[in-house]
Structures are given as C-alpha cells and as structure tokens.
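One structure is given below, encoded as structure tokens.
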Amino acid sequence: QLQLVESGGGLVQPGGSLRLSCAASGFTLRYYAIDWFRQAPGKEREGVSCISSSGITTYADSVKGRFTISRDNAKNTVFLQMNSLKPEDTAIYYCATTTSIACSSGGPYKYWGQGTQVTVSS
C-alpha cells in the first residue's frame with residue numbers, strides 16, 4: 001500500500017525551528033516530485049515548497065529564505081526545515097505527490113499524508 005506519513009510538527013515559539021519529515025512506504029520517493037502544503041484554520045490550502053526528482057526546489061514567497069526542502073533517498077524521506085517561524089506559519093502541514101518527476105506538473109495529487117500540526121505561539 002502506497003502511503004505518505006508526516007511527522008515532526010509541534011508547538012514552537014516565534015523565531016524557533018522545526019523539521020518536518022515525509023516518509024514514504026510502498027514506493028520510492030526519489031523518483032517523484034514531492035510537495036509540502038499547509039492549511040490554516042479558515043484559510044485555503046497553499047503550496048509551501050516542492051522538490052523534484054532531480055533535486056530542483058521551489059518555495060512560496062512567504063517562506064523563502066526561512067524554509068528548506070531536502071530529501072534523503074536512503075531513508076526514503078523528504079524533509080522541510082523551518083526556521084525563523086512566525087505565528088502566521090501555524091497550520092496543518094501535508095506532503096503530497098502527483099507521481100510526476102517535476103514540480104508544477106499540473107497533474108492531480110494522487111497521494112497525501114495525514115498532516116502534522118505546526119503551532120507557532122508564545
């Protein structure tokens with residue numbers, strides 16, 4: 001069974017850091033582009049970052065310079081390192097894939113994780 005599982009969320013003070021993980025089972029992550037999305041209460045889901053199968057990365061303007069996406073192929077996992085966190089980063093974070101090799105492929109997202117809650121508050 002193909003599955004994505006996020007972890008690493010939690011409560012952090014403004015200015016703090018968290019590292020989210022997106023682990024895959026049933027398929028090999030390195031062949032596909034992996035996206036991170038987030039959804040805050042009462043807001044639409046937004047794309048945060050993406051890493052292609054070749055390692056090309058993209059970021060939303062709101063997180064550029066603060067978030068870093070990476071992959072560890074040996075662990076079949078994609079990470080989202082989040083630094084200088086702000087209260088407006090509070091959301092449920094999801095990883096997903098269209099199973100395309102490239103970001104922004106336009107295809108439907110076929111697999112989603114269950115999400116991990118990130119709360120930035122003092």
Between [X] and [Y], which heavy-atom pair has the shortest distance, and what is it?
| X | Y | value |
| --- | --- | --- |
| S105 | S100 | CB-OG, 3.4 Å |
| I34 | I69 | O-CD1, 3.9 Å |
| L85 | M82 | CD2-CB, 3.8 Å |
| L4 | C22 | CD2-SG, 3.9 Å |
| R71 | L29 | NH1-O, 3.0 Å |

Using atom types as modelled, flag every donor-acceptor pair under 3.5 Å from a side chain in residues 12-21 to any protein atom, sequence neighbours excluded.
{"from": "S17", "atom 1": "OG", "to": "N83", "atom 2": "OD1", "distance (Å)": "2.9"}

Any link between [X] and [Y] through a network of hydrophobic side chains (Ile, Leu, Val, Met, Phe, Trp, Tyr) touching at under 4.5 Å?
| X | Y | value |
| --- | --- | --- |
| Y59 | Y94 | no |
| Y111 | V78 | yes |
| F79 | F27 | no |

N/O donor-acceptor pairs under 3.5 Å from side chains in residues 36-47, not counting sequence neighbours:
{"from": "R38", "atom 1": "NE", "to": "E46", "atom 2": "OE2", "distance (Å)": "2.6"}
{"from": "R38", "atom 1": "NH1", "to": "D89", "atom 2": "OD1", "distance (Å)": "2.9"}
{"from": "R38", "atom 1": "NH1", "to": "Y93", "atom 2": "OH", "distance (Å)": "2.9"}
{"from": "R38", "atom 1": "NH2", "to": "E46", "atom 2": "OE2", "distance (Å)": "3.1"}
{"from": "R38", "atom 1": "NH2", "to": "S62", "atom 2": "OG", "distance (Å)": "3.4"}
{"from": "Q39", "atom 1": "NE2", "to": "K43", "atom 2": "O", "distance (Å)": "3.1"}

I51 side, atom CD1; I56 side, atom CD1 - distance, nearest 0.5 Å: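 With rounding to 0.5 Å, CD1 (I51) is 9.5 Å from CD1 (I56).
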
Donor-acceptor list for residues 112-120 side chains, cut-off 3.5 Å, not counting sequence neighbours:
{"from": "Q114", "atom 1": "NE2", "to": "E6", "atom 2": "O", "distance (Å)": "3.1"}
{"from": "T116", "atom 1": "OG1", "to": "G9", "atom 2": "N", "distance (Å)": "3.1"}
{"from": "Q117", "atom 1": "NE2", "to": "A91", "atom 2": "O", "distance (Å)": "3.4"}
{"from": "Q117", "atom 1": "NE2", "to": "T119", "atom 2": "OG1", "distance (Å)": "3.3"}

Test item: L80 and S49 side chains (from C-beta on) under 4.5 Å apart, heavy atoms: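 Result yes, sub-4.5 Å side-chain heavy-atom pair found.
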
Non-neighbouring partners of F67 that pass ring-ring contact (aromatic ring centres under 6.0 Å, His included), sequence neighbours left out: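 F67 satisfies ring-ring contact (aromatic ring centres under 6.0 Å, His included) with no other residue.
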
Non-neighbouring partners of Y31 that pass ring-ring contact (aromatic ring centres under 6.0 Å, His included), sequence neighbours left out: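 Applying ring-ring contact (aromatic ring centres under 6.0 Å, His included) to Y31 gives none.
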
Check: T99/T97 side-chain N/O donor and acceptor closer than 3.5 Å: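 There is no such pair (donor and acceptor under 3.5 Å, judged by atom type) between the side chains of T99 and T97.
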
T77 backbone acceptor or donor facing D72 side chain under 3.5 Å: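 Not a single qualifying donor-acceptor pair exists.
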
Side-chain cluster (under 4.5 Å, hydrophobic types only) that I101 belongs to, other residues: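 Members alongside I101: none; it stands by itself.
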
